Novice: 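So that we are looking at the same thing, I have put the structure below in structure tokens.
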Amino acid sequence: MVDRIADPWGERTPYGPGQEWPVRVDRYLADGRTDTDVDRWVQSASVLHSNGDALDIGVADGRIVGVRGRAVDRINRGRVDPKDLYGWQANHSPDRLTRPLVRDGDRLVESDWDTAMGRIVARSKELLDGPGGWGHFGFYTTGQLFLEEYYALGVIGKAGLGTPHMDGNTRLCTATAAAAMKASFGTDGQPGSYTDVDHCDAIALWGHNVAETQTVLWMRMLDRRRGPNPPAMLAVDPRATPVAREADLHLAVRNGTNVALMNGLLREIIRRGWYDRDYVDAHTLGFDELCRIVDGYPPQRVADICDVPAADVERAAELLGTSQRLLSTVLQGFYQSNQATAAACAVNNLHLVRGMIGRPGAGIYQMNGQPTAQNTRETGADGDLPGLRNWANTAHIEELARLWNVDVDTIPHWAPPTHAMQIFRYAEQGSIKLLWISATNPAVSLPELHRIRQILRGPELFVVVQDLFLTETAELADVVLPAATWGEKTGTFTSVDRTVHISDKAVDPPGEARPDLDIFLDYARRMDFRDRDGQPLIKWSGPEEVFEAWKECSRGRPCDYTGITYEKLRGGSGIQWPCTDEHPDGTERLYTDGHFPTDPDYCETYGQDLVTGAEFTEAEYRAKEPDGRAFLHSVDYQPSPEVPDEEHPLLLTTGRTVYQFHTRTKTGRAPQLNQAAPDVWVELNPADAARLGIVEGDLVGVSSARGAIQARARLCGIRPGVVFLPFHYGYFDQDPADRTPRAANELTITAWDPVSKQPLFKVAAVAVAKLAAGRGVPSPAPTVGGSAPPADADVPPTVGGPATSGKE
Amino acid sequence: MHLAHYLGLLHRAQVNLADAFRQVADAHAEEPDIEHLCQQQARRCDAYAEQLHPFVARYSEDAPDEPDRLHSQLFTGTRTGGIGLLRDLQDLYLMAAECDITWTVVGQAAYGVRDEELLAVVRRCEGETAIQLKWLRTRMKAAAPQALVVAD
């Protein structure tokens with residue numbers, strides 16, 4: 001029996017290249033229950049990270065009592081992340097919202113659905129009355145609802161209200177993945193499959209601490225590393241994460257310099273002849289320009305910019321260049337950093353020039369940060385259009401108009417959908433007057449929190465919050481709608497590698513809480529949205545009807561779901577899209593024939609300049625004659641908008657611990673997880689700490705031009721000159737009258753990538769100073785993961801104890 | 001030969017554009033993308049102006065007196081608010097357009113004088129100026145409906 005708090009990854013099940021990953025079924029049943037105490041198991045998948053692990057929910061006496069991994073599923077083969085083992089307990093938390101709340105002066109008071117929805121609808125109708133009424137509405141949703149909910153919301157926004165102001169917090173986690181794939185391949189859609197881990201001979205992790213963000217994927221990689229003929233491993237990360245410690249080569253680059261590194265690696269690979277000339281000629285565009293740009297990045301220049309040894313740059317190039325089946329994964333170290341889209345495209349370039357795409361082991365995971373972020377993108381509940389359509393292609397808009405039976409010009413398509421940071425800016429300026437926030441917590445997760453709180457508090461802005469708990473954001477709302485959550489509603493969602501899962505309802509939601517889909521459909525009904533023939537725009541009453549409608553919307557597009565039914569998803573493994581009549585079992589890998597969806601009539605974008613975000617026109621795009629070839633985009637390195645100076649001499653990066661998710665809305669309410677990582681900490685390199693007179697456990701002040709917070713110091717393996725803060729910690733579990741500033745985003749800068757519009761969470765300049773001595777008490781940082789102290793540190797290990805008896 | 005005058009015109013246009021980009025960045029610092037990208041583009045304009053220097057020197061000796069009304073004033077300061085931003089970006093657009101067409105004209109002259117070095121500079125800078133125009137157009141297109149139809 002493994003303590004899955006002390007060891008989040010559990011026991012190894014080693015395997016060799018080309019073999020099937022062995023099954024290992026993880027489970028946790030609370031209160032010493034066993035399988036015989038479970039009345040029924042209800043099929044689902046994880047919503048506490050983005051891996052898409054399939055699991056069953058154990059129900060006894062009408063309550064959830066635990067979870068068990070699904071051995072049959074292609075993604076996890078029975079394994080379960082510790083957040084899933086314990087996180088479900090939050091469903092039963094006594095502070096779940098069970099009734100709608102409405103604002104009465106400076107208080108929120110309990111109410112009923114008619115009153116709450118009545119207020120929203122009255123305000124909506126008032127705002128919609130008159131030219132430009134659409135522009136007063138903003139929707140900020142999530143990467144944690146179900147596909148059906150996003151699609152319904154997308155139709156309400158685009159065809160009902162006609163507003164482009166809809167985005168998800170996916171903007172913070174996965175926008176760059178989408179932008180990079182659109183730019184390189186023509187449309188969104190992950191080329192690879194998780195089974196590429198089974199076949200690869202090298203794994204490169206680009207700003208991706210997979211050990212903590214997707215533990216099951218890491219288990220798969222570790223099992224290959226412990227088996228015969230293990231893959232080589234390269235990690236790029238300023239922190240000494242478990243990935244960096246495991247890797248054969250770790251490049252602890254200075255934050256914000258990824259493009260310089262990638263250019264240097266590509267230069268070496270090209271100059272040393274480690275690229276596939278035939279593949280480049282047949283399947284790509286832009287090789288000469290790529291060569292011209294990367295030629296300016298010899299190893300010593302890269303070493304100077306990134307502050308890593310030049311010899312390591314050469315070694316990394318050799319590791320990448322001599323592999324035969326290269327797997328890359330990319331996440332927030334690239335996506336939330338300087339020149340995000342350009343850096344992520346550079347990873348695509350690496351695979352394109354080496355012909356490492358579309359075959360077993362040769363794959364790319366442009367990862368997601370959240371469980372259902374893929375669906376936010378596919379269905380158009382974020383800055384994309386449903387079915388990965390191109391907003392600048394009138395024929396694509398006409399397809400949507402036919403599908404929804406509305407006039408083409410009802411659907412906003414004069415510019416790309418408004419990105420999250422711009423939505424908040426419009427709210428700040430007062431032109432957005434109703435902001436509907438579902439299943440996300442911007443008062444903790446967006447940059448520069450004092451500004452976000454000020455916007456949400458604005459008396460002119462009508463804020464609707466739909467959530468499980470009274471989050472820091474909900475506290476500032478005008479109407480709070482109690483939502484049902486995972487296990488209490490049915491729907492589908494899709495993993496990074498395009499695997500679609502169903503999550504069935506296991507138990508009833510508490511009190512009057514309702515599924516998010518029901519809330520959206522209720523709003524549509526009350527608003528009485530009509531189609532072109534005067535019929536109700538939205539006729540659905542439940543998730544399966546919405547799914548069937550979505551299938552039609554997806555038909556013929558990259559994310560084609562037409563071959564999938566709820567029935568087909570039940571019982572077995574998840575299914576990878578595209579799944580059609582011709583490919584009834586789904587599609588494991590994309591671009592197996594080197595043909596990319598860059599056709600001008602099919603692609604999702606006509607392209608953008610990666611430096612400014614300037615959009616190219618259809619005519620300019622056609623003139624490139626892409627003809628099924630992928631684009632090699634390359635740009636020069638430029639420093640971040642904010643770099644350290646005398647006043648703020650250190651660089652702040654933010655991120656996650658394995659034990660918490662997002663703003664702890666659920667994980668902070670699961671005792672085992674919360675005890676493992678109960679409070680914020682700040683990671684410092686011992687050399688920086690010594691200079692500042694700081695030792696383990698000291699209370700430290702961290703300040704930027706935006707704000708200041710306090711945290712206990714953890715001295716660990718982060719690179720010199722850089723400090724790390726976990727972004728999970730807000731204020732919901734502090735006394736409202738006496739809150740100590742501790743949210744990392746008090747400090748972060750309001751700035752974003754010009755193409756993906758993803759905020760730059762990894763490059764704020766900060767100052768650090770000691771506030772009080774720790775008196776020998778260590779910081780609350782876990783000893784597991786990136787915050788692990790040096791081996792000789794006197795810090796008690798993070799363990800779960802008896803309450804964590806997870807079984808494998 | 002009048003080429004020096006057009007090089008001077010272009011140089012001053014790039015310097016003015018750099019300055020205008022900086023003013024707009026400062027005036028609209030609450031729009032972070034405007035601030036960061038305008039600062040970035042200002043630095044680019046500085047670099048273009050810098051690259052023209054040797055050619056101004058090269059051709060100024062042969063130049064007669066500067067003709068009347070060579071230079072024009074396209075920018076008289078920034079504005080505030082949503083529509084103010086739109087209008088400021090429009091000023092930048094017109095200034096960048098002046099640079100763009102002047103690069104074209106100077107490029108033609110570079111052909112005439114068989115100056116390969118100047119041609120290389122023109123090719124690089126006119127391409128980047130075209131992107132600058134395109135970015136301004138992109139940003140204005142996105143901002144226009146909210147500023148002109150929705151905002152109070």
Side-chain angles (χ1 to χ4, degrees), chain A residues 127 130-138 162-165 338 383 391-392 412-419 421-426 428-433 447-448 451 460 607-617 620 635 638-642 749-755 757 759-760, chain B residues 17 21-22 24-26 28-47 79-86 89 92-93 96-97 100 120 123-125 127-152:
Chain A
L127 291 174
W134 53 266
H136 298 311
F137 292 79
T163 182
H165 306 325
N338 181 40
W391 63 267
H413 63 102
W414 50 74
T418 313
H419 63 94
M421 302 301 291
Q422 189 65 51
I423 289 174
F424 276 82
R425 177 62 183 148
Y426 287 150
E428 186 175 34
Q429 288 176 307
S431 64
I432 283 182
K433 297 177 189 296
E448 209 174 343
R451 171 174 172 262
E460 297 302 312
Q608 284 170 275
D609 170 52
L610 295 193
V611 177
T612 58
E615 282 152 5
F616 295 110
T617 64
E620 287 163 335
V635 303
Q638 290 184 66
S640 304
E642 185 167 280
I749 181 173
T750 302
W752 54 82
D753 180 72
V755 180
K757 315 292 192 288
L760 308 186
Chain B
L17 179 55
F21 267 124
R22 287 201 176 84
V24 173
D26 290 343
H28 300 281
E30 286 178 326
E31 314 287 346
D33 62 328
I34 297 291
E35 187 193 13
H36 298 142
L37 286 168
C38 282
Q39 293 287 6
Q40 177 200 79
Q41 295 304 316
R43 288 191 294 274
R44 288 200 160 191
C45 293
D46 291 340
R79 306 158 182 89
T80 57
I83 192 168
L85 171 67
L86 203 57
L89 293 177
L92 293 175
Y93 187 90
D100 183 58
R123 282 203 195 98
R124 196 162 54 239
C125 296
E128 295 190 3
T129 303
I131 294 289
Q132 225 163 38
L133 279 172
K134 207 173 274 302
W135 169 63
L136 289 163
R137 175 182 283 271
T138 299
R139 189 61 176 79
M140 290 174 71
K141 280 180 71 177
Q146 195 77 3
L148 299 183
V149 179
V150 180
D152 295 327

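Just so you know, these numbers use all the heavy atoms, side chains as well, and skip hydrogens, waters and symmetry mates. Small disclaimer: the values here were computed from a predicted structure and weren't measured.
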Novice: Donor-acceptor pair, distance only, cut-off 3.5 Å: does the side chain of B:Gln146 make one with the backbone of A:Gly135?
Specialist: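 Yes: the side chain of B:Gln146 pairs with the backbone of A:Gly135.
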Novice: Need one label for B:Gln40: side chain, backbone, both or neither, based on atoms under 4.5 Å from any heavy atom in chain A.
Specialist: side chain
Novice: Who wins among A:Lys757, A:Glu428, A:Gln638 for the most heavy-atom pairs under 4.5 Å with chain B?
Specialist: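 Max contact count across the listed options: A:Gln638.
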Novice: With a 4.5 angstrom heavy-atom cut-off, which part of A:Glu615 approaches chain B: side chain, backbone, both or neither?
Specialist: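 Both parts, heavy atoms under 4.5 Å.
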Novice: Which bit of A:Lys433 comes within less than 4.5 Å of chain B, counting heavy atoms only: side chain, backbone, both or neither?
Specialist: side chain
Novice: Quick check on B:Ile131 against chain A: is it the side chain, the backbone, both or neither that has a heavy atom closer than 4.5 Å?
Specialist: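 Both parts, backbone and side chain.
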Novice: Could you check which of A:Pro131, A:Pro412, A:Gly132 has the highest count of heavy-atom pairs closer than 4.5 Å to chain B?
Specialist: A:Gly132
Novice: For A:Glu448, is it the side chain, the backbone, both, or neither that has a heavy atom closer than 4.5 Å to a heavy atom of chain B?
Specialist: neither
Novice: Do you know which two heavy atoms are closest between B:Ala142 and A:Ala415, and how far apart they sit?
Specialist: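 Closest heavy-atom pair between B:Ala142 and A:Ala415: CA-CB, 3.9 Å.
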Novice: Shortest non-hydrogen contact from A:Tyr426 to B:Ala143?
Specialist: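 Answer, listing the atom of A:Tyr426 first, then B:Ala143: OH-CA, 4.0 Å.
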Novice: What part of A:Trp752 is in contact with chain B, defined as an atom under 4.5 angstrom from a non-hydrogen atom: side chain, backbone, both or neither?
Specialist: side chain
Novice: Evaluate the side chain to side chain contact (heavy atoms under 4.5 Å, CB included) criterion for residues A:Gln429 and B:Leu85: first the C-alpha distance (whole Å), next the side-chain angles of each, then the deciding distance (0.1 Å), finally the verdict.
Specialist: CA-CA 13 Å; A:Gln429 288 176 307; B:Leu85 171 67; over 6 Å; no
Novice: Checking heavy atoms, do the side chain of B:Asp33, its backbone, both or neither come under 4.5 Å from chain A?
Specialist: both
Novice: I'd like to verify something: which residue of B:Glu31, B:Lys141, B:Gln39 has the highest number of heavy-atom pairs under 4.5 Å with chain A?
Specialist: B:Glu31
Novice: So which heavy atom on A:Ala751 is nearest to which on B:Pro32, and how close?
Specialist: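 So the minimum-distance heavy-atom pair works out to CA-CB, 4.5 Å.
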Novice: If you compare all heavy atoms of B:His36 against all heavy atoms of A:Thr750, which two are closest, and at what distance to 0.1 Å?
Specialist: CE1-O, 3.8 Å
Novice: For the CG atom on B:Leu133, are there more than 12 heavy atoms of other groups (residues, nucleotides or ligands in this structure) within a distance under 6.0 Å?
Specialist: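 Result for CG/B:Leu133: enclosed.
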Novice: In terms of side-chain geometry, is the basic nitrogen of B:Glu30 or A:Arg425 positioned less than 4.0 Å from the acidic oxygen of its partner?
Specialist: yes
Novice: Pick from B:Lys134, B:Arg137, B:Glu35, B:Arg139: which one has the most heavy-atom pairs with chain A under 4.5 Å?
Specialist: B:Lys134
